[in-house]
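So you know, we letter chains A, B, ... as the sequences are listed, proteins then strands, and number each from 1. Quick caveat, the model's predicted, so the values are computed rather than measured.
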Number of protein chains: 2
Amino acid sequence: MDSVNLKKLSSILGLSVSTVSKALRDSYEISEETKERVKKIAKAYNYQPNIYASSLRKAKSKTIAVIVPRIANNFFISAIDGIQEVAQEKKYHVLIYLSHESYEYEKELVQSFASGRVDGMLISLTRETNDMEHLRQLVNNGIPVVFFDRVSTELDCSTVSTNDYESAFEATEHLIKAGCKKIAHCRISNKLSIGQHRLNGYRDALEKHNLDFHSKYVVKCSDNDVEDYKTIKTLLKDKDRPDGLFTAVESYTLIAYEVCRELGIKIPQDLKLITFSNLRTAGLLDPSLTTITQPAFEIGEKAAAELISAIEKPRYFKPENIILKSVLSPRDSTN
Amino acid sequence: MDSVNLKKLSSILGLSVSTVSKALRDSYEISEETKERVKKIAKAYNYQPNIYASSLRKAKSKTIAVIVPRIANNFFISAIDGIQEVAQEKKYHVLIYLSHESYEYEKELVQSFASGRVDGMLISLTRETNDMEHLRQLVNNGIPVVFFDRVSTELDCSTVSTNDYESAFEATEHLIKAGCKKIAHCRISNKLSIGQHRLNGYRDALEKHNLDFHSKYVVKCSDNDVEDYKTIKTLLKDKDRPDGLFTAVESYTLIAYEVCRELGIKIPQDLKLITFSNLRTAGLLDPSLTTITQPAFEIGEKAAAELISAIEKPRYFKPENIILKSVLSPRDSTN
DNA sequence: CTGAAAGCGCTAACAA
DNA sequence: TTGTTAGCGCTTTCAG
């Protein structure tokens with residue numbers, strides 16, 4: 001019950017291997033008649049080409065890798081959804097890897113791609129990634145890379161991200177206009193592009209509105225819910241606690257909701273909350289949550305489209321830094 | 001700047017290709033001294049084996065495929081997370097495909113795996129899948145398959161699922177005990193194992209408690225939010241509308257929340273709600289949502305572990321039907 | 001302990 | 001229009 005290969009097929013057909021191969025790939029060299037006959041038999045025998053043989057031969061695999069820090073995250077999920085959408089359309093296969101925010105593992109993964117396992121790679125960097133050497137090597141090996149969301153512009157690669165600085169600015173201003181005077185920010189690692197941009201937007205909005213920047217109001221959160229819970233609880237237990245909180249990442253806000261319940265802090269009366277988030281249920285929360293939503297699906301689509309262009313038209317491809325816009329949706333948590 | 005291959009490496013080392021190959025794979029035939037020398041140089045040149053060549057040769061790729069109906073779904077995400085966890089540990093690569101509930105596409109995908117692109121496959125079936133022939137063929141080709149959640153026991157393959165019948169029974173009983181007399185059920189396709197089990201559990205619980213089964217209270221939902229919205233609205237607008245609703249799938253309940261807001265139906269006073277769900281924010285909703293939560297991550301882990309056993313120990317492997325238990329978490333929506 | 005050589009299944013020159 | 005053949009990079013006999 002083994003699957004047929006070209007050789008068997010050709011002997012069944014009484015043709016040479018190469019003729020069959022060409023016929024199946026619609027070569028102009030083969031007569032219509034033969035093509036038809038070959039395809040019919042191939043179908044009848046359910047012939048499936050061995051992709052390892054053809055990839056080896058062509059040095060192309062129609063496969064791309066996607067590395068994300070984690071998958072249990074609404075943003076990355078939607079991005080992957082978008083990536084899949086265009087990959088499927090363009091007949092690419094998608095290998096998914098989770099770096100779990102480990103630079104070492106990211107490096108190992110990226111290096112393993114150098115030998116051509118994939119035709120290209122999409123990546124959202126870990127919080128720890130400083131050094132781009134592993135990525136540079138991959139690119140030098142002729143394997144295109146496209147960054148999304150957590151990007152680096154150090155390399156000559158396309159990036160797809162959002163207007164984080166502006167959004168953070170807008171979010172902070174939104175809190176100020178809602179009457180907040182003491183606005184805190186839960187930031188994400190400043191090794192990340194998004195960490196810096198979101199922090200800067202926050203700071204500049206404060207400055208514009210003549211509010212002091214207090215370092216005690218800027219807390220660094222991690223990737224660990226338990227730790228973040230402590231961090232946020234400490235922040236909100238302070239006697240001089242903030243009256244507004246802008247968080248760089250959805251999970252921090254969900255933790256803040258829990259902490260507020262526990263401490264009896266009322267949202268939005270005592271504390272107004274806004275966050276970057278792709279939560280589907282933002283509008284159903286108690287109270288409903290004001291969000292800045294990134295166009296995650298489109299980011300994924302764009303990134304995949306860029307990558308596939310880079311793979312298929314290496315001559316004409318020009319790397320670009322694509323910026324998509326996020327949307328602020330005001331809800332009750334800042335009312 | 002091309003990546004080195006075995007041949008280059010061996011000429012650098014002044015050894016034969018086969019010696020280098022063996023040394024890198026720690027063959028007992030090679031002296032420790034040589035091994036060390038080889039590995040050192042291999043590392044220095046960042047040698048990465050060409051996976052297509054070795055897969056072709058060994059007819060093994062250390063790659064598995066995962067087919068899920070969709071990815072934007074908390075259950076499947078967690079399951080994939082679990083799959084990744086064990087795949088990574090066992091050094092397997094994971095290709096992800098979305099069937100988008102299309103049987104035709106599922107079939108096409110499965111067939112394409114026959115030639116050995118992957119060493120095994122994990123699948124959660126589409127709502128349309130009736131016929132198992134494509135899967136049977138794959139298995140006959142020597143490529144192991146493991147089902148998870150949306151399973152079929154028609155083939156001699158492992159399955160990993162949850163005690164859906166009992167959970168549905170328990171959920172319905174939970175509503176009855178909360179005082180509901182007219183309990184509706186939003187069901188999912190009864191081509192699916194889970195669709196049948198959840199409906200049966202619902203029906204039997206009604207029967208046990210001497211409540212009539214009304215077909216008008218059982219509505220079939222789809223995969224389309226807009227349609228489901230209409231369906232659920234019709235159900236809840238009825239003058240003889242239900243006072244309890246048990247939905248087979250998370251998204252139906254989120255829609256029900258929205259419909260209730262719109263129609264001014266108060267949860268839980270006017271309508272009590274319970275659903276299968278892996279929503280992280282169930283406890284933060286307004287009102288908090290009573291859920292039956294499937295151990296999605298563990299399902300993924302188990303399924304992947306089964307698959308890898310089937311791949312690596314074909315002789316000793318015995319397919320099993322593994323059932324994990326879901327947990328009912330009572331919250332305000334049924335209070 | 002090391003090396004030579006065959007061949008996995010396919011593609012693409014080149015020949016016929 | 002079809003066929004012959006070399007070879008992609010690796011693993012694995014088998015010989016030395």
Review point. How is T34(B) classified with respect to the nucleic acid when contacts are heavy atoms under 4.0 Å: base, sugar-phosphate, or nothing?
Key: sugar-phosphate
**Study point:** Short side-chain N/O contact from R25(B) to OP1 or OP2 of dC10(D), under 4.0 Å
**Key:** no
Practice item. Take atom CG of N50(A) and atom P of dG9(D), then tell me their distance rounded to the nearest Å. Key: 17 Å
Exercise for review: Rounded to the nearest angstrom, tell me the gap between atom CG in L24(A) and atom P in dA12(C).
Suggested key: 13 Å
Review point. What is the distance from CZ of R37(A) to P of dT2(D), rounded to the nearest Å?
Key: 9 Å
Revision key, fill the gap. Per nearest nucleotide of DNA chain C, the residue lying toward the 5' end, P49(A) or I30(B), is I30(B)
Check your understanding: Between K62(B) and E312(B), is the closest basic N to carboxylate O distance under 4.0 Å?
Key -> yes
Check your understanding: Could you go step by step and tell me if R127(B) and R150(B) meet the side-chain contact (heavy atoms from CB on, under 4.5 Å) rule?
Key -> CA-CA 9 Å; R127(B) 292 170 193 226; R150(B) 299 172 170 201; 4.0 Å; yes
Point to revise | OP1 or OP2 of dC10(D) under 4.0 Å from side-chain N/O of Y47(B) | key: yes
Point to revise | Interatomic distance where NZ belongs to K60(A) and C1' belongs to dG9(C) [whole Å] | key: 20 Å
Review point. Contact class for S31(B) vs. all strands (heavy atom < 4.0 Å): base, sugar-phosphate, or nothing?
Key: sugar-phosphate
Check your understanding: For T126(B), does its backbone N or O pair with a side-chain atom of S99(B) as donor and acceptor, under 3.5 Å?
Key -> no
Close N or O pairs between protein and nucleotides 3-7 of chain C (under 3.5 Å):
{"unit_1": "dG3(C)", "atom_1": "OP2", "unit_2": "S16(B)", "atom_2": "N", "d": "3.0"}
{"unit_1": "dG3(C)", "atom_1": "OP2", "unit_2": "T19(B)", "atom_2": "OG1", "d": "2.8"}
{"unit_1": "dG3(C)", "atom_1": "N7", "unit_2": "S18(B)", "atom_2": "OG", "d": "3.2"}
{"unit_1": "dG3(C)", "atom_1": "O6", "unit_2": "K22(B)", "atom_2": "NZ", "d": "2.3"}
{"unit_1": "dA4(C)", "atom_1": "N6", "unit_2": "S18(B)", "atom_2": "OG", "d": "3.0"}
{"unit_1": "dG7(C)", "atom_1": "N2", "unit_2": "R57(B)", "atom_2": "NH1", "d": "3.2"}

Review point. Rounded to the nearest Å, what distance is computed from the CG atom of residue L56(A) to the P atom of nucleotide dG7(D)?
Key: 14 Å
Review point. With a 6.0 Å cut-off on ring centres, are F113(A) and Y97(A) close enough?
Key: yes
Check your understanding: Rounding to a whole Å, what distance do you find between R117(B):CZ and dG9(C):P?
Key -> 17 Å
Review point. Would you say the side-chain atoms of S61(B) and Y52(A) include a donor-acceptor pair closer than 3.5 Å?
Key: yes
Practice item. Mind calculating the distance between NZ (K7(B)) and P (dA6(D)) to the nearest angstrom? Key: 15 Å
Check your understanding: What do the steps show when you test R70(A) against L98(A) for side-chain contact (heavy atoms from CB on, under 4.5 Å), and what is the final call?
Key -> CA-CA 5 Å; R70(A) 42 158 64 200; L98(A) 312 184; 5.8 Å; no
Review point. So, D26(B) and K39(B), do they make that salt bridge, N to O below 4.0 Å?
Key: yes
Review point. Whole Å only: how far is the CD atom of E32(A) from the C1' atom of dT1(D)?
Key: 12 Å
